[in-house]
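This one's a predicted model, so the numbers in the text were calculated from it and none came from an experiment.
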Amino acid sequence: MEPRLEVCVDSVESALIAQEGGADRLEVCSNLIIGGTTPGVSQFKQIRNMCEIELRVLIRPRFGDFLYTDKEFQMIKEDILMFRELGADGVVAGCLKADGSLDIKRMKELRECAGTIKFTLHRAFDVCRDPYEALEEAVLLGVDTILTSGQAAVCTEGADVLKRLVSQARERIEIMAGSGVNAEVIRQVAEKAHALSFHMSGKQMEDSGMIYRKPHVSMGLPCFSEYGILRTDKKEVQKARQVLLKFSV
């Protein structure tokens, strides 16, 4: 497989920065600060109109685990159909059963909803019971990509598992390393695990343009300032791209 750099973005501004920095593909989402959720329609439409590279859309109705209620699952299916119609090149989704196994029945329904567009099994894979079994199931389901840290907090810690997954995949499915990815991490993991696909946010915290501020009033997570905005850092994407190109065959 050719080296590939995917950047996850939760704003139009970050999408444009990532494309300019050399990203091959974008994962479009909202709320990166909590791991990402399904993006807004107008957000996606703007990014689709302004970006020429491949767009895959995260379909995740909420923060937390991947054991979904019937109503949540219906939302996921409807969102896949909607973003497919809106011009997404692929979707990013996943469901588990309570016992930690991949929910094959539901995953099959989601893959059918996606139709001819690409399908990434997201990091639900990293909290499943048996990643090697789940890889084979994903191949049979017609999943195109598995986004994984090697079932670790960051992909450098999961490099041994990633190496085994890359070997097992035998190019039948793309193994995309994610979590904690930057230029140096790409160098380490590419050398150790022979991974060629990487997923990063490359985000930095920018200060708000607000002059008048009430710092003691929080609208969400009290551990984060209301006056900081996460944006993709073009230089981080460029550095990652440069390192990854060194592994081109």
Side-chain angles (χ1 to χ4, degrees), residues 1 3-10 14 17-18 21-37 56 58 60 63-66 92-94 96 100 102 120-135 138 143 145-169 173-205 221 223-224 228 230-247:
M1 289 187 177
R4 182 175 287 107
L5 181 63
E6 178 179 274
V7 179
C8 53
V9 297
D10 62 358
S14 286
I17 291 167
D24 297 300
R25 183 165 76 205
L26 301 180
E27 181 194 291
V28 182
C29 66
S30 289
N31 301 311
L32 264 177
I33 203 165
I34 55 171
T37 55
R56 296 195 189 182
L58 176 63
R60 185 183 181 213
F63 167 80
D65 64 34
F66 306 101
V92 183
L96 298 179
L102 203 61
T120 298
L121 169 56
H122 58 36
R123 293 189 64 210
F125 182 87
D126 281 328
V127 290
C128 76
R129 186 177 57 197
D130 186 337
Y132 310 111
E133 179 182 58
L135 185 154
V143 170
T145 303
I146 294 174
L147 171 60
T148 175
S149 62
Q151 294 209 317
V154 291
C155 65
T156 48
E157 296 174 2
D160 289 336
V161 173
L162 283 167
K163 182 178 181 179
R164 182 174 168 184
L165 291 169
V166 170
S167 176
Q168 181 182 338
I173 190 170
E174 178 185 38
I175 303 298
M176 176 166 281
S179 187
V181 170
N182 57 29
E184 176 56 24
V185 166
I186 289 174
R187 185 191 64 77
Q188 293 177 29
V189 176
E191 290 178 351
K192 185 171 183 179
H194 309 301
L196 289 176
S197 293
F198 289 87
H199 171 98
M200 69 182 297
S201 65
K203 56 185 178 290
Q204 63 176 343
M205 189 67 76
L221 299 172
C223 53
F224 294 101
L230 288 174
R231 287 277 187 268
T232 300
D233 186 334
K234 183 177 178 179
K235 291 181 179 178
E236 288 299 310
V237 177
Q238 289 174 326
K239 288 190 290 186
R241 180 68 179 169
Q242 289 168 3
V243 171
L244 188 56
L245 286 176
K246 294 178 181 178
F247 293 91

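- Rounded to the nearest 0.5 Å, atoms CE (M200) and SG (C155) are 10.5 Å apart.
- S201 and V7 make their closest contact through O-CG1, 3.8 Å (heavy atoms, listed as atom of the first residue, atom of the second, distance).
- Evaluation of the salt bridge (Lys or Arg N to Asp or Glu O under 4.0 Å) rule for D233 yields no partner, not counting sequence neighbours.
- Taking the side-chain hydrogen bond (donor to acceptor under 3.5 Å, both in side chains) definition, one finds that K239 meets it with E236, sequence neighbours left out.
- Contact annotation: the side chain of C128 approaches that of L96 to within less than 4.5 Å [non-hydrogen atoms, C-beta and beyond].
- By the side-chain hydrogen bond (donor to acceptor under 3.5 Å, both in side chains) test, R187 is found to be paired with E184, E191, residues two or more places apart in sequence or in another chain being considered.
- In this view, R60 satisfies the salt bridge (Lys or Arg N to Asp or Glu O under 4.0 Å) rule with no residue, not counting sequence neighbours.
- For the atom pair CD1 (I146) and CD (E174), the distance works out to 10.0 Å, reported to the nearest 0.5 Å.
- When the side chain to side chain contact (heavy atoms under 4.5 Å, CB included) test is applied to A190, the partners found at least two apart in sequence or on another chain are F198, F247.
- When every heavy atom of A134 is checked against every heavy atom of L102, the shortest pair comes out as O-CD2, 4.1 Å.
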Pairs under 3.5 angstrom only: tabulate donor-acceptor contacts from the side chains of residues 158-169 to other protein residues two or more places apart or in another chain.
residue : atom : partner : partner atom : Å
Q168    : NE2  : Y132    : O            : 2.9
Q168    : NE2  : E136    : OE2          : 2.9

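- Residues A138 and I173 approach most closely at CB-CD1, 4.0 Å, considering heavy atoms.
- With sequence neighbours excluded, the residues that form a side chain to side chain contact (heavy atoms under 4.5 Å, CB included) with I17 are T232, K234.
- A heavy-atom distance below 4.5 Å is found between the side chains of E27 and L147.
- For R231, the side chain to side chain contact (heavy atoms under 4.5 Å, CB included) partners are S11, E13, S14, E206, I229, not counting sequence neighbours.
- Expressed to the nearest 0.5 Å, how far CG of L135 lies from CD1 of I175 amounts to 4.5 Å.
- Contact of the Q204 side chain with the L230 side chain is not registered, since no non-hydrogen atoms from C-beta on lie closer than 4.5 Å.
- In this structure I34 satisfies the side chain to side chain contact (heavy atoms under 4.5 Å, CB included) test together with N31, T37, F63, L221, sequence neighbours excluded.
- Counting all heavy atoms, side chain and backbone alike, V243 lies closest to A183 at CG1-O, 3.6 Å.
- Taking all atoms of both residues into account, the shortest heavy-atom contact from G35 to L58 is O-CD2, 4.4 Å.
- Listed by chain and number, the residues in a side-chain hydrogen bond (donor to acceptor under 3.5 Å, both in side chains) with R123 are D126, S149 (sequence neighbours excluded).
- Side chains of M176 and R25 form a contact here, defined as non-hydrogen atoms less than 4.5 Å apart.
- Taking H199 as the reference, nothing meets the ring pair (Phe, Tyr, Trp, His ring centres under 6.0 Å) condition, with sequence neighbours excluded.
- Between the D24 side chain and the L5 main chain, a donor and an acceptor come within less than 3.5 Å of each other.
- T156 meets the side-chain hydrogen bond (donor to acceptor under 3.5 Å, both in side chains) test with no other residue; sequence neighbours excluded.
- A 4.5 Å side-chain heavy-atom check between L121 and T145 finds every atom pair outside the cut-off.
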